Structures are given as structure tokens and as C-alpha cells.
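A short worksheet on the structure shown next.
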Amino acid sequence: IALADALKGNRVLTTLNLGWTGIKNAGAIAFADALKGNRVLNTLDLSGNYIRDVGAIAIADALKFNRVLKECWLWNNNIGNEGKVALAAVKRSGL
């Protein structure tokens, strides 16, 4: 979660791979909050982190504010229908 706080002020890092680090929902929510204000990160890998609906929904909500992130890898998590619907809605809206 401290890394998510650092990401808020990031002006250099464009790719961040946090796959398989076990951040779970708490980490996904923290990174979602950081994404809202980040203007340089274009690739984020959160694969294999036991993220469930609540984390996926937080990320989807953050993507409404972030126009820079082009790739967000979320494969091999535990995202259910609610999270998938939220992420799909963001993708359909072109964000």
C-alpha cells in the first residue's frame, strides 16, 4: 500500500508489474486511488493477486478519471460478475 502512495506522486514510471505479489483487495483499492491522479503510468499488471469484485470495481471507477493507462492486466484473479461488469462498462465507454 505504501507503493500505491508513492505512485500518486510518480512522474517517471510508465510500467509497473505487481503480478503475483498477493496485494488482494486492499492493494487493488489503494492502487485504484493512486491511478485517479497518476498521469504517466500506461501499463499496470495486477495479475494473480486474489483480487475480487470490490477491488475490480475500485479499479474500474479509477479508470474513469485516468486517461493515460492503456493496459491493466488482471488475469488470474478472483473477479466475479459484478467486477467484470464494471470493468467491461469502462472498456465499452472507451476510457
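Predicted model, so just to flag it, every value in this text is computed and none were measured. Hydrogens, waters and symmetry mates are skipped; everything else that's a heavy atom, side chains included, is used.
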[atom2] on [Y] to [atom1] on [X], rounded to 0.5 Å:
| X | Y | atom1 | atom2 | result |
| --- | --- | --- | --- | --- |
| Phe31 | Leu16 | CZ | CG | 5.5 Å |
| Thr43 | Lys70 | OG1 | NZ | 10.5 Å |
| Ile59 | Ile79 | CD1 | CD1 | 6.5 Å |
| Leu41 | Leu69 | CG | CG | 5.5 Å |
| Lys64 | Leu35 | NZ | CG | 14.0 Å |
| Leu87 | Asp61 | CG | CG | 9.5 Å |

If we only count heavy atoms from C-beta on, is the [X] to [Y] side-chain gap below 4.5 Å?
| X | Y | answer |
| --- | --- | --- |
| Asp33 | Ile29 | no |
| Asn38 | Val68 | no |
| Trp20 | Asn76 | yes |

Is [Y] reachable from [X] through a run of hydrophobic residues whose side-chain heavy atoms are each under 4.5 Å from the next?
| X | Y | answer |
| --- | --- | --- |
| Ile23 | Leu13 | yes |
| Trp73 | Leu63 | no |
| Ile57 | Leu74 | no |
| Val54 | Leu44 | no |

Please report the closest heavy-atom contact between [X] and [Y], naming both atoms and the distance.
| X | Y | answer |
| --- | --- | --- |
| Ala34 | Ala4 | CB-O, 3.2 Å |
| Asn77 | Leu46 | ND2-O, 3.1 Å |
| Ala56 | Gly83 | CB-CA, 3.9 Å |
| Ala62 | Ala32 | CB-O, 3.0 Å |

Of all pairs that satisfy ring pair (Phe, Tyr, Trp, His ring centres under 6.0 Å), the ones with a partner from residues 37-62, not counting sequence neighbours:
none

Under the salt bridge (Lys or Arg N to Asp or Glu O under 4.0 Å) rule, what pairs show up with a residue in residues 39-55, not counting sequence neighbours?
none

Before you tell me yes or no, could you show the steps for Thr21 and Asn49 under side-chain contact (heavy atoms from CB on, under 4.5 Å), namely the whole-Å CA-CA distance, both residues' side-chain angles and the distance that decides it to 0.1 Å?
CA-CA 6 Å; Thr21 55; Asn49 276 303; 3.2 Å; yes

